[in-house]
Structures are given as structure tokens and as C-alpha cells.
Amino acid sequence: MNDRISQLLKRAPGPGPVVAEGWVRTKRESKTVCFLELNDGSCLKGLQVVVDLDTFADATILARITTGAAVACTGELTASPGGNQDVELKASSITLHGEAPADTYPLQKKRHSLEYLREIAHLRARTNTMGAVARVRHAVSYAVHSYFNEKGFYYVHTPIISTSDAEGAGEMFQVTTFDLDNIPRTEEGVIDYDQDFFGRKASLTVSGQLEGETYALALKNIYTFGPTFRAENSNTKRHLSEFWMIEPEMSFCTLEGDMAIAEEFLKYVFSYVLEHCAEDMAFFSQWVEKGVAETLRSVVEKPFVHMTYTDAIVELEKNNDKFDFPVKWGSDLQTEHERYLTEQVCKGPVIVTDYPKEIKAFYMKLNEDGKTVRAMDVLVPRLGEIIGGSERESRLEVLTERMTSLGLDPADYWWYLDLRRYGSVPHAGFGLGFDRAIQYITGMQNIRDVIPYPRAAKQADF
RNA sequence: UCCCCUGUAGCUCAGUCGGUAGAGCAGGUGGCUGUUAACCACCCUGUCGGCGGUUCAAAUCCGUCCGGGGGAGCCA
């Protein structure tokens, strides 16, 4: 395989032929010389290919090379007299692999709106912004695995198809092999799931947490990293129907340990990206969200602010006149409140803990006061919640009672409750929305532009 | 799902008081001694989102449907 353009750009000029392969971003011509800017996705910057029209053998090929064409250029790497690059490729021959007729190719050598690019999602990876997002997304994925591996966590593949009837985390996509025009029904007229593929109602997972806990209570520290599905008809710039989630789960761990890991983990990932995607981060800082790289750096350097829900309410109540929806103890924090806490009160990420049990899930550990649970949300400026986690209720009786009072049937969760029956231990975990993390890191405004092919209500093209 | 905004050339948009449409970029042609968001000149480009209504006359006003964006809820 030939060198990537990122490698060629770092090389010193010298004799001997090299080959550069990629897609043409722009072509600039004058009487005696023609410049191609070649990009292969390995970095933001392109390689300048120089064609001397007086000596180049096959000048006719140049007419067919336009923005978007795929070419392989052979030549010598020389020092560039131009100001924007150290080296350039003096081409002796060019192979044109695929043309991109300029009158129909949807990408022009100009800036396009992100909305337009979504309509040509199959080509948008060839743009600066989407290329940078793709590289950062890769780097963050790598850093996630790297962090957990270094900390001795095991990567667990929890199921995509779930048969837990009532996970309670929102609407689910049903999975069935039924002929929808002819669904089997019992004599009572109820859908007969006995005849369905799994012999029961099945859906796409909304969380790998419950299954993750079972492995944490065997391997001590585990994490999941996979796709998650929510059938909510939500139409916002930070929701997707299909998104990726990271869910660590730690045994012999309380909420304090959970928060410590969450903070250390985020900082590790941010540092990794700042170090390994410096060029892309500079691009985001300049064109997408002013100063986003500097913000990330300051987040890495400062300890996160901690605050109980009760204290947060006290802080917010001082400014209730500024909110569309005033808060009082017991109310859920809305977007405007989360943003006020992070952007005005704390000026950075904040971890809010010990929420009222009424607004949190059944599996969270009940506090001594009987009113709050050991939950924690990591809130960040601009986005709000990026991590939601908790210490899990490890006491069988308390957990069963909580489920019952919420109208859940403990029998449906027999295997989950077995974890409390046999070898139960304090344990905790959290969920990080991967795509939201990418949004936070890059400064991209819409979550649909940080995932290659976004799925949302009425949107599943490509 | 609710509220607000929006849909005009390939793209980004302007279009006044209702009188059948315009700019920049892209594209084409020519020019230009090394350009880098190349530059200069000229040229081409339209079912004004769809359907219906009001009117002598609709891009413009009204209704409706569809697409896009923003906000809210829900959450990650």
C-alpha cells in the first residue's frame, strides 16, 4: 500500500518516485502549470500536486480531472515554493481512476450547508467537516476502549435484541417476523406472540445496562459500547433513534467511585482527542464552534463541580424569574435549568447527585432519607446531560418494593433480581451518549452531523 | 407530539405595495509565468415545494399537504 497523504505531508522532499492516491478537491490552472489539491481522508490538509504543462506527457487527461475525481499521481516530492505547504508532488504521471463530471457532481468546491450535505450523506464524508468528524469519532472510539482496557475493564457485548418487556426507558422498536397483514391472534383476539420468532414480544434494546450488571457481578468491572434504539418521536438536534452508548458497570463500587470514573474517563478521552486530532480540533475551533478546543482543554485541567440536586434547586430558585418554567424541589431539571447551572453557576461541567426518587429509574439506590436516590448526571455547557448514572439498588427487598410501587412486575425481572439474591454487592455505573460526546468535543450543533447515517423519525435514507 | 420559522437557478440567498424573477458562488468558453476559497472577462441556468382557492393578475394573499430548520417535552 502506498503512503497516505498525511504521511507524505510529513516527509522531507527527496528524489525517488512516490505515489499519492486520493480525490481531487480543486484544480487551479494557468498557462504553463496546473495544480491539483488531493485529499484521501487521512487528514484535513490536502497534498498539492503540480503538473508542468510544458513537459507533462498526457495533458489531455487534465481536462477530465475535476473536483471529486479519483486519481493516483506518481512523481517526486519537492520543496514547495508556495506558502501554504512545505512539500508538493511534482507529477510525472497521473492515473485517472474515476471521473466526477462537474455538471452533475453534487459537491462543489465551495462551502455547503450541513442541511444540504445531509441530503447527500453518501458523499458528505468527502468534505472537510465530515472528514474531521469521522476522524474524531474514530479517535474517541479508540480512546474509550483504550481507557477501559488500561483500567482492567472487560468489554461485554450485550444483546441488541431484548425481550425485557418493561425497561421503562422509552418507546421501543418491535422486532418481529410476523406478516403484518396477517398477525396471528388468540381466540380472545390478542396478538399471539407464542407464534412469533422468539415466542414472545421482542424489541431492539434501549440500554445494555441490566445485562451489563450481570457481567459486572462476575467480572467486577465491565463496559458495553454498542448501538441503542429509541422509538421516541423526538425531533431535536441532540436525539437520534439509533445512537451509540457506552455503559460501564463496576462492582464493589458506590456512587463516589462512579463519579470518579466518569470524570477521569471523560478527561482521558478529551485529552486523547486533543493530542491525536490536533489539526481537526483546530479546524472545529475556527469554523464550527469558536474556541471549542480551548474549552476542552480547560475542562481537562479543572476538577468537575459537584452539587446535590437539593443544592442545585436552591441555586436555581434564586433565579426563578429568569426561567420559563420555575423550579421547586421535586421538579425535573429542564434544559434551561441545566444550561444555567453549567454555563452561569459552574462555568463548566457539573455533576448533580441525589435526585428525588420520583424522577429517576427504579434500579437506583434509595438514600437513607427515603426521598432521594444515588443518581448522578454529568451536565456540560451547551448540551446539558451527557452522562446519566447511579449506584444500583443492591438490596433485594428495597428493589422489589420500588418496582412494585412503580407498577413493574418483579417476576418479569427474575434474573435481574437474582443478582440481589446471590452474591449481591454495592455496584454502580453510568451511560455516556457517544454521539453527544462527539457533539460536545467537536462543537457540532446537530447530532445528525456527527453520525454517518442518522436515523430519526421519518428519516432513514441511505 | 406541540409551538415558531422556512421552502425561489446546481448551491447560498434577495425579491418592496399582488403586475410572469435577480445576485454571489458553482458550471461553460476565453484570458492569465506558481496557484492555494486563485484571479479577470463573457455566457448558460427556473414546474418560485405540491394541490386547491381569492383576484383582471399570485413567488407574493388564504387553505391544505409534503420537506427542512429552531424551540419544548422525553432522554443519552
Side-chain angles (χ1 to χ4, degrees), chain A residues 25-38 45-54 63 66-68 78-85 88 90 100-120 127-128 167-171 206-209 227-247 287 323-325 332-339 359-361 377-380 383-389 430-440 445-451 456-459 461:
Chain A
R25 282 293 175 80
T26 97
K27 180 174 76 170
R28 296 178 290 269
E29 273 182 296
S30 70
K31 197 163 205 165
T32 59
V33 66
C34 174
F35 299 94
L36 303 177
E37 193 184 320
L38 213 57
K45 215 165 161 44
L47 175 68
Q48 174 157 283
V49 175
V50 185
V51 183
D52 184 342
L53 298 178
D54 292 331
T66 54
T67 297
T78 62
S80 175
N84 287 12
Q85 60 279 318
E88 61 190 20
K90 199 80 113 193
D103 53 340
T104 54
Y105 184 57
L107 285 171
Q108 305 171 353
K109 55 177 179 187
K110 54 171 281 192
R111 212 185 299 178
H112 289 292
S113 69
L114 293 167
E115 292 79 18
Y116 171 68
L117 292 176
R118 259 173 243 155
E119 296 170 15
I120 48 165
T127 64
N128 285 339
E167 290 190 39
E171 292 296 306
V206 293
S207 164
Q209 183 199 315
T228 307
F229 306 88
R230 304 267 168 97
E232 241 106 50
N233 189 11
S234 56
N235 203 312
T236 81
K237 56 183 178 178
R238 55 183 199 290
H239 284 87
L240 290 168
S241 313
E242 176 184 288
F243 62 99
W244 288 67
M245 191 152 64
I246 295 149
E247 296 176 292
W287 299 108
F323 301 130
D324 293 336
F325 298 93
D332 214 347
L333 297 185
Q334 305 195 329
T335 305
E336 59 175 340
H337 309 130
E338 293 179 346
R339 293 192 61 162
I359 58 175
K360 287 294 179 183
D377 284 354
V378 180
L379 311 179
V380 296
L383 275 180
E385 186 178 347
I386 194 170
I387 279 180
F430 61 83
L432 169 75
F434 180 72
D435 313 273
R436 279 193 191 171
I438 303 297
Q439 252 190 298
Y440 183 66
Q445 296 293 310
N446 197 310
I447 201 167
R448 295 170 195 206
D449 300 324
V450 299
I451 190 166
K458 299 279 191 303
Q459 186 177 31
D461 299 329

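Within every chain, numbering begins at 1; the chains are lettered A, B, ... in the order of the sequence lines, protein sequences first and strands thereafter.
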(message) Check whether A/H337 reaches the backbone of A/F325 with its side chain - one donor and one acceptor, N or O, closer than 3.5 Å.
(response) yes
(message) Would you say the base of B/rA76 stacks on A/F243 (centre-to-centre below 5.5 Å, plane angle below 30°)?
(response) yes
(request) Calculate, to the nearest 0.5 Å, the distance between atoms OH and CG belonging to A/Y440 and A/L383 respectively. (result) 8.0 Å
(message) Quick check: on RNA chain B, is the nucleotide nearest A/L432 upstream (toward 5') of the one nearest A/R448, or the reverse? Name the residue that is more 5'.
(response) A/R448
(request) Give A/Q48 one of three labels, base, sugar-phosphate or nothing, depending on what nucleic acid heavy atoms sit under 4.0 Å from its own. (result) base
(message) Reading RNA chain B from 5' onward, which residue's closest nucleotide shows up sooner: A/E37 or A/T335?
(response) A/E37
(request) Using modelled atom types only, decide if a donor and an acceptor are shared between the side chain of A/T67 and the backbone of A/R25 within a distance under 3.5 Å. (result) yes
(request) Would you classify B/rU60 as syn or anti? Syn applies when the glycosidic angle is within 90° of 0. (result) anti
(request) Write down the distance between CD (A/E29) and P (B/rA37), rounded to a whole number of angstrom. (result) 17 Å
(message) Measure CD/A/Q445 against P/B/rG69 and give the value in whole Å, please.
(response) 13 Å
(message) Tell me which nucleotide, if any, is Watson-Crick or G-U wobble paired with B/rC61 when both distances must be under 3.5 Å.
(response) B/rG53
(request) May I ask you to evaluate whether A/T32 reaches the phosphate of B/rU33, defined as a side-chain N or O under 4.0 Å from OP1 or OP2? (result) no
(request) Determine the Euclidean distance between corresponding P atoms of B/rC56 and B/rU16; express it in Å to zero decimal places. (result) 22 Å
